[in-house]
K.L.:
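What follows is a structure written as structure tokens; I'll ask about it next.
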Amino acid sequence: MLGRVKQFLISISGTFKRLDEDYLVEHLDKSQLTLFLKLSKIDAQHSIRVAKAMEKDAPEDLKHLYAGIGLFHDIGKCRRPLSIAEKVAIVLAHAMLKEKLKRFLKFKAVETYMEHGRIGAEILEGRGIFYDVPWVREVVRYHHDMYYSYLGESDTESLFNGAMNSLRLADNEN
Ligand SMILES: [Fe+2]
Ligand SMILES: [Fe+2]
């Protein structure tokens, strides 16, 4: 719980800082940047922190790709950006109700919070982002499903697992 509180305080402080535009321009093209900027400021700052942490952790030839995964891992949240009050309410409800929160999926705010991985993968697919590395979209889709194991081509399985582990670590710490 303390980790969550710390994460929340970091996210609030991020709203007062400028987005690292140089970093975004380095890793995103114009249409990707337009999509990224649909995120709320809190989610955008979080995604940049995750991207930088993942990039630092990445094998040399995967640094740019890992940065892209970090930047877009929560892109599903742009479908229904939450106010700070809504976010607090849903995080608390999730802590209390756990999986039972799924009963409230008919509310767009809850659906976005609970299903942003799937929604994000669909947005990326619709825009052709990561089209040559479809396993990356699966990382985005399943990044909160702790017990998911990859069912794609075996040669991409280790790429998937490496990126997923890196994302989960960076996501928890940022
Ligand atoms: Fe997420
Ligand atoms: Fe995240």
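Ligands are counted one by one from 1 in listed order, and the atoms in each one are counted from 1 as well. Sequence positions, counted from 1, serve as the residue numbers for this chain.
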K.L.:
Report yes or no: is the cationic atom of Lys52 (NZ for Lys, CZ for Arg) under 6.0 Å from the centre of the six-membered ring of Tyr23, at an angle within 45° of the ring normal?
P.N.:
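Yes, a cation-pi geometry.
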K.L.:
Do you see an N/O/S atom of His144, backbone or side chain, under 2.8 Å from the Fe ion (ligand 1)?
P.N.:
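An N, O or S atom of His144 is closer than 2.8 Å to the Fe ion (ligand 1), so yes.
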K.L.:
Any salt bridge linking Arg80 with Glu86? Criterion: basic side-chain nitrogen under 4.0 Å from a carboxylate oxygen.
P.N.:
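Result for this pair is yes, salt bridge flagged.
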K.L.:
Report yes or no: does Asp171 have an N/O/S atom closer than 2.8 Å to the Fe ion (ligand 1)?
P.N.:
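So Asp171 does not count as coordinating the Fe ion (ligand 1).
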K.L.:
Thinking salt bridges, do Arg168 and Asp171 make one under a 4.0 Å N-O criterion?
P.N.:
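Salt bridge flag = no for Asp171 with Arg168.
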K.L.:
Check this for me, if you would: do Arg127 and Glu122 make a salt bridge, where the nitrogen-to-carboxylate-oxygen distance has to be below 4.0 angstrom?
P.N.:
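Judged by the 4.0 Å cut-off on N to carboxylate O distance, Arg127 and Glu122 do not form a salt bridge.
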K.L.:
Using the Fe ion (ligand 2) as the apex, give the angle to atoms NE2 (His46) and OD2 (Asp74), rounded to 10 degrees.
P.N.:
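Taking the Fe ion (ligand 2) as the apex, I get 100° for this pair.
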